[in-house]
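First the structure, in the form of structure tokens, and then the observations on it.
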Amino acid sequence: MWLYLAALVGLYYLLRWYRERQVVSNLQDKYVFITGCDSGFGNLLASQLDLRGLRVLAACLTEKGAEQLRDQTSDRLETVILDVTKTESISAATQWVKERVGDRGLWGLVNNAGISIPFAPNEWLTKQDFMKILDVNLLGLIEVTLSLLPLVRKARGRVVNISSIMGRVSLLSGGYCISKYGVEAFSDSLRRELCYFGVKVAMIEPGFFNTEVTNSEKISGAIQEAWDQASPEAKEVYGEKFLESIKKSVEKLKSRCCNNLYLVTNCMEHALTACHPRTRYSCGWDAKLLYLPMSYMPTLIVDAIIYWISERPTKAL
């Protein structure tokens, strides 16, 4: 019996390996639009797809980022300035994309733009602090997607949304995990709607990688800023010692992050170029071996783990 079971499992993985190796034809004629290309995953993916021969339309927040990207890629790659929090900027970028893709449509939309700050315990934050992250990571992603969806549908293409393993298990306070849970929900509903039109939707769920999102100096500064604006009651309950403890934990973040960004961009490339892309890609050993299993554990166990490894407020019971 066990031999038959092992044979079935082996056959399943062999079939999956074969299906995932099949590549879409005529990649050199396909356009891919990527947001957040100033640095990190977006910047690396733009260069990677350009080397692969695809026609990359890279959206950057700053002209400096766009210029640096153009300097390190071929003449095929084109850039546009995009702020995903502004409707007029998205409308202008959408028109720019339409002019370039024409009747062929847009093969790939990669929603990569994202931020992680303001970050601090929830009680130290304001509604505006939450909105800053939601505007970029979730609402901006949704508006960009809705604006470009007709072009993607015309090409029967792909939507690739950059979520996070923190969209599976909420380990951080503030708006980041909330935004990524939202990305997961939006992507699931979008995938089910668009399957009728031959459009495929994939989610990328990285663990911790060294990018601007995990920049310890910026996160530490955001924590201090949130502390400074917190109410006297919150400061009394949490205490200066708690503040210093979480800032020290953040300082160690860089050493815990993976430097191999290709683990993520290779998944993004596969989602765009494979005939049979996966629905979800978990990137990094921490995502596969720690956070993904945690997302399937009973809530009681996950809460206990987080309770014992987290810093304790001064007046904790």
Side-chain angles (χ1 to χ4, degrees), residues 31-46 56-70 77-101 105-106 108-119 125-154 157-164 167 174-187 189-190 201 203-204 211-213 215 218-219 221-222 225-226 229 268:
Y31 284 88
V32 176
F33 182 75
I34 310 168
T35 66
C37 292
D38 296 78
S39 62
F41 301 136
N43 185 277
L44 182 58
L45 179 66
V56 178
L57 305 175
C60 299
L61 181 62
T62 65
E63 183 55 49
K64 180 181 178 182
E67 184 178 349
Q68 290 176 343
L69 181 58
R70 288 195 301 267
L77 184 141
E78 299 181 73
T79 60
V80 65
I81 303 302
L82 172 64
D83 183 342
V84 300
T85 66
K86 296 179 178 178
T87 297
E88 59 272 20
S89 181
I90 294 173
S91 297
T94 299
Q95 183 59 38
W96 180 84
V97 172
K98 284 181 180 178
E99 292 170 358
R100 276 143 186 82
V101 304
L106 181 65
L109 167 60
V110 182
N111 285 303
N112 169 73
I115 59 174
S116 59
I117 55 177
F119 164 72
L125 300 171
T126 65
K127 176 184 175 181
Q128 286 69 33
D129 291 326
F130 285 91
M131 286 304 301
K132 285 178 184 177
I133 293 183
L134 293 174
D135 277 345
V136 177
N137 294 6
L138 180 57
L139 300 178
L141 178 150
I142 291 173
E143 188 170 7
V144 169
T145 302
L146 297 180
S147 297
L148 291 169
L149 209 50
L151 296 176
V152 177
R153 186 166 52 236
K154 182 179 289 187
R158 309 287 170 80
V159 177
V160 179
N161 291 330
I162 311 308
S163 178
S164 168
Y176 186 77
C177 290
I178 297 171
S179 70
K180 295 305 182 180
Y181 267 75
V183 170
E184 294 276 335
F186 175 66
S187 300
S189 63
L190 193 68
V201 179
M203 281 165 276
I204 311 296
T211 66
E212 282 299 301
V213 169
N215 186 310
K218 291 184 178 180
I219 295 175
E225 187 175 333
Q229 74 177 12
M268 296 159 79

Gap separating the CG atom of Leu44 from the SG atom of Cys37, nearest 0.5 angstrom: 10.5 Å
Value rounded to 0.5 Å, distance of CD in Gln95 from OG in Ser147: 11.5 Å
Pro118 side chain reached by Leu125 side chain, heavy atoms, under 4.5 Å: yes
Heavy-atom closest contact (Ala58 atom, Leu69 atom, distance): CB-CD2, 3.5 Å
Counterpart residues, side-chain contact (heavy atoms from CB on, under 4.5 Å), relative to Ser116 (two or more places apart): Tyr176, Val213, Ile219
Donor-acceptor under 3.5 Å (Thr35 side chain, Ala113 main chain): yes
Steps toward side chain to side chain contact (heavy atoms under 4.5 Å, CB included) verdict (Ile133, Phe119): CA-CA 9 Å; Ile133 293 183; Phe119 164 72; 5.9 Å; no
Shortest non-hydrogen contact from Val110 toward Leu45: CG1-CD2, 4.0 Å
Spacing of Ser39 atom OG and Asn215 atom CG [to the nearest 0.5 Å]: 9.5 Å
Asp135 side-chain N/O to Lys132 backbone N/O, donor-acceptor pair under 3.5 Å: no
Rounded distance [0.5 Å steps], CG in Leu146 versus CG in Leu141: 9.5 Å
CD (Glu225) with more than 12 external heavy atoms under 6.0 Å: no
Any donor-acceptor N or O pair under 3.5 Å, side chains Asn43, Gln68: no
Atom pair CE/CZ of Met268 and Phe41 - distance to nearest 0.5 Å: 7.5 Å
Backbone of Ile162 reached by a side-chain donor or acceptor of Lys180 within 3.5 Å: yes
CA sep, side-chain torsions, deciding dist, call: Phe33, Val152, side chain to side chain contact (heavy atoms under 4.5 Å, CB included): CA-CA 10 Å; Phe33 182 75; Val152 177; over 6 Å; no
Audit row: Asn111, Phe186, side chain to side chain contact (heavy atoms under 4.5 Å, CB included) steps and yes/no: CA-CA 12 Å; Asn111 285 303; Phe186 175 66; 6.0 Å; no
Nearest heavy atoms of Val159 and Asn161, plus distance in Å: CG1-OD1, 3.6 Å
N-O pairing of Glu143 and Lys86 below 4.0 Å: no
Over all atoms of both residues, closest heavy-atom pair of Thr62 and Asp38: OG1-OD2, 2.8 Å
Donor-acceptor contact present, side-chain Asn112 to main-chain Gly36, <3.5 Å: yes
Worked verdict on Leu149 versus Leu190 for side chain to side chain contact (heavy atoms under 4.5 Å, CB included): CA-CA 10 Å; Leu149 209 50; Leu190 193 68; 4.1 Å; yes
Smallest separation among heavy atoms of Tyr31 and Arg100, with atom names: OH-O, 3.4 Å
Exercise: identify the closest heavy-atom pair between Ser164 and Glu184: O-OE2, 4.1 Å
Pairwise distance CG(Leu134) to OG1(Thr85) - rounded to 0.5 angstrom: 12.5 Å
